[in-house]
Amino acid sequence: MKTKIYNDIVKSLKKINLNYNKNFGVEVPNIPEHGDFSSNVALVNTKVLKKKPHDIAKLLAEDLSKKRDYKSIKIAGPGFLNFKLATSLYYKELKKIGDAGTDYGKSDYGKSQKVLIEFISANPTGPLNVVSARAGAYGDSLYRIMDHLGFEPFREFYLNDAGNQVDILAESLEIRYRELHGHEVEEFPVEAYHGEYIKELAFELNTLEGTKLFHMTEDDRLERMKNFALDEIHKMQISSLKRFDVEFDNWMSEKKLRAEGTLEEALSYLAEAGCTYEKDDAVFFSSTKFGDEKDRVLIKADGNPTYLVPDIAYHLTKYNRGFNIILDVLGPDHHGHVSKLRAAIKALELDDSKLEIIYLQHINLLQDGEIVKMSKRTGKIITMDDLIDEVGKDAARYFFLDRRPSAHLDFDLELAKKKTSENPVFYCQYAYARINSVLKKAKKVKLSLKKCKDIKLKKLSKKDELDIIKKMLEFPAILQLCADNREPHRLAGYVHELASMFHKYYAKYKIIDEENPDLSCARLYLISAVQNVISISLGLMGISSPKKM
RNA sequence: GCGCCAAUAGCUCAGUUGGAUAGAGCAACGGAUUUCUAAUCCGUAGGUCAGGGGUUCGAAUCCCUUUUGGCGUGCCA
């Protein structure tokens, strides 16, 4: 609807031969007296046109008023244009929503934009934690929204299955394995993985292999343990993600990147660009040339690459695969790393404006109002599975999506479990279920939508009804905001508002009235559309729409 | 020290990219159920948008600065 009005204004500007700055907006005003929609077009263009805002507004209002879609166009304040839509337009648009069904909001808005969304990318050294859960909810919903808007999004998980951390994983397993066989371990190393799951893995490996592993060379044994642990943990992670309704189009393996020589390739490009040098037996990247604080090591004195090299190589593949937008969803502890990566992108003469980094802030889990303390070192963490067990997928996803990504998140475990109005996810789902129940009831009194012929939407004359239609018409614009800003939390707010409008409407009006079938049919049509929009919204957040609660 | 992120109602947070009188939810109190689901609705309150300065028709929003908090600043990943 905003787009329609925007386009109408542009047409009008052209018609009356005015130059214009297209950077004006169409909005829903906070104050209802200001109309259904308002635009600041006259204010924004004062300078360009060297005219008073009020005069510009007047010219536009006169021309636009000729259209039948607007009931009135008023000039207000310093020069705002306030539009009141003709009610006939509401009905026309409501009909479109009904016709579109589950496709409502779909468009080619993001046409031919290939978007890579890399998210979670947790080390394959343990179960996924709540930070990964937040990243999962975020990345997956962004994917769904972009998909709905005609982008070509692609979900990817970067699997760090090579390097130092993975060696430590193998060593941790080795220690637990030895313990099973009665070997004394003086002290479990601080840097090793302490979680109980390592013990469980050792136990499984033991049932599989017994003492056979002791007859291998140490290198072979560690290799076997590494692969075993990686496989098992990978499976664990996939199964947690599945419970959370998060899927990936690709798992990009670091091991594979190494095996395919991508690292060498990246290094040689950097060398060709004259951005590397040797010092103290190590190879450095002169990243200071590209705005970094200091030069970074690429190859350590021991001959091994630092983590930076595979990461550069990985991003090189992102560019080579032709993505227009490259999104990295990272934890807040990674921002020190990005300056180096960006420097490398520039050194390789790639367009670094394509690369966007999104930082998700930390999460505090609250139990009885207290922060639940977690420590990776001691293995005392709450996993994604724990969270799903505790509050359920729907509540978890809603809570993660309800806040903007850059904000710290206090996750109240008790609140998420509550099945009362305090809990917003139930509030939204309940609206859906309630509508379902009304529709069912309608069938019983032979008023089902299917039997309504020639639905007279004109019967929807109450302000509350027009407001609900208007709200639904905002939906496509909300999705665009979510996608453009990479902020799916706007959708959570939207669906809550729509649910609230429905609950209020339900309490105030009788939807089924056997004495008045025309009105009933129109209202059924309306709430059915509301149900549809709620369901699409929840679906885009990865939240279910239960028919009954 | 330097860099990044934040600071809005008692609490948790929005705030449509610079718009008109800054909004929700929760918590508190009172009320509504012969009903299409009360997991709901109706009513009552709260603000120096952390402080200061600047930019302009107009600032919670942009710039500078101070304060407070979180994180980063490895030949770890």
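Both backbone and side-chain heavy atoms feed into the values below; hydrogens, waters and symmetry mates do not. In the text below, chain A, chain B and the rest are named by the order of the sequence lines, each starting its count at 1. This structure is a prediction, so every number in the text was calculated from the model and none was measured.
- Distance noted for atom C1' between B/rU21 and B/rA59: 16 Å (whole Å).
- Taking the P atoms as reference points, B/rG18 lies 28 Å from B/rC11, given to the whole Å.
- Contacts of A/Asp410 with the nucleic acid, taken as non-hydrogen atoms under 4.0 Å apart, involve only primed sugar atoms and P, OP1 or OP2.
- Ion pairing between a basic and an acidic side chain is recognised when a charged N comes within 4.0 Å of a carboxylate O; A/Lys279 and A/Asp295 show no such pairing.
- A/Asn82 comes within 4.0 angstrom of a nucleotide base, judged by non-hydrogen atoms across all strands.
- Using a 4.0 Å heavy-atom cutoff across all strands shown, A/Ser339 reaches no nucleic acid atom at all.
- When each of B/rG15, B/rC41, B/rA20 is scored by its nearest atom to the side-chain atoms of A/Ala76, the top-ranked nucleotide is B/rA20.
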Restricting to nitrogen or oxygen on both sides, can you table the protein-nucleotides 28-36 of chain B pairs closer than 3.5 Å?
residue : atom : partner  : partner atom : Å
B/rC36  : OP1  : A/Lys441 : NZ           : 3.4
B/rC36  : O2   : A/Ile512 : N            : 3.2
B/rC36  : N3   : A/Ile511 : N            : 2.9
B/rC36  : N4   : A/Tyr506 : O            : 3.0
B/rC36  : N4   : A/Tyr509 : O            : 2.2

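- Spacing between B/rA24 and B/rU44 at atom P, rounded to whole Å, works out to 12 Å.
- Distance A/Phe399 CZ to B/rU12 C1': 10 Å, rounded to the nearest Å.
- Residues satisfying the side chain to side chain contact (heavy atoms under 4.5 Å, CB included) criterion with A/Pro517, sequence neighbours excluded, are A/Leu447.
- Atom CG in A/Asp402 sits about 9 Å away from atom C1' in B/rU12, given to the nearest Å.
- With 3.5 Å as the limit, one finds a donor-acceptor pair spanning the side chains of A/Asn129 and A/Ser132.
- Checking A/Tyr505 against A/Glu465 by side-chain atom types alone, a donor-acceptor pair falls below 3.5 Å.
- In summary, the side chains of A/Asp484 and A/Tyr109 do present a donor paired with an acceptor at a separation below 3.5 Å, with no hydrogens or angles considered.
- Under 4.0 angstrom from either OP1 or OP2 of B/rC41 there lies at least one side-chain N or O belonging to A/Tyr427.
- A close approach under 4.0 Å does not occur between any side-chain nitrogen or oxygen of A/Arg403 and OP1 or OP2 of B/rU12.
- Taking the six-membered ring where the residue is Trp, A/Phe411 and A/Phe399 present tilted rings, their angle falling between 30° and 60°.
- Rounded to the nearest Å, the gap between the P atom of B/rC4 and that of B/rA20 is 30 Å.
- With centroids closer than 5.5 Å and planes inclined by less than 30 degrees as the test, A/His34 and the base of B/rA20 pass as a stacked pair.
- Remark: the A/Asn160 side chain and the A/Glu254 side chain contain an N/O donor-acceptor pair separated by less than 3.5 Å.
- In this pair, A/His337 and A/Tyr307 present their aromatic rings tilted. The plane angle is within the 30 to 60° band.
- In this structure, the nucleotide among B/rG19, B/rC5, B/rA39 sitting nearest to the side chain of A/Gln361 is B/rC5.
- Using a 4.0 Å heavy-atom cutoff across all strands shown, A/Ala433 reaches at least one base atom of the nucleic acid.
- Checking side-chain atoms of A/Ser141 against main-chain N and O of A/Ala137 turns up a donor-acceptor pair under 3.5 Å.
- As judged by a 4.0 angstrom heavy-atom cut-off over every strand, A/Val338 is placed among residues making no nucleic acid contact.
- Atom OG of A/Ser537 sits about 7.0 Å away from atom CG of A/Leu479, to the nearest 0.5 Å.
- When distances are taken from the side chain of A/Met549 to each of B/rG15, B/rU40, B/rA39, the shortest belongs to B/rA39.
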Please list each protein N or O that sits under 3.5 Å from an N or O in nucleotides 73-77 of chain B, with the distance.
residue : atom : partner  : partner atom : Å
B/rG74  : OP2  : A/Lys294 : NZ           : 2.8
B/rC75  : O2   : A/Ala301 : N            : 2.7
B/rC76  : OP2  : A/Lys300 : NZ           : 2.8
B/rC76  : O2'  : A/Asn164 : ND2          : 3.2
B/rA77  : OP2  : A/Tyr307 : N            : 2.9
B/rA77  : O4'  : A/Gln165 : NE2          : 3.4
B/rA77  : O2'  : A/Asn123 : OD1          : 3.4
B/rA77  : N6   : A/Tyr307 : OH           : 3.1

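- Separation of the P atoms belonging to B/rA45 and B/rG10 is 16 Å when rounded to the nearest angstrom.
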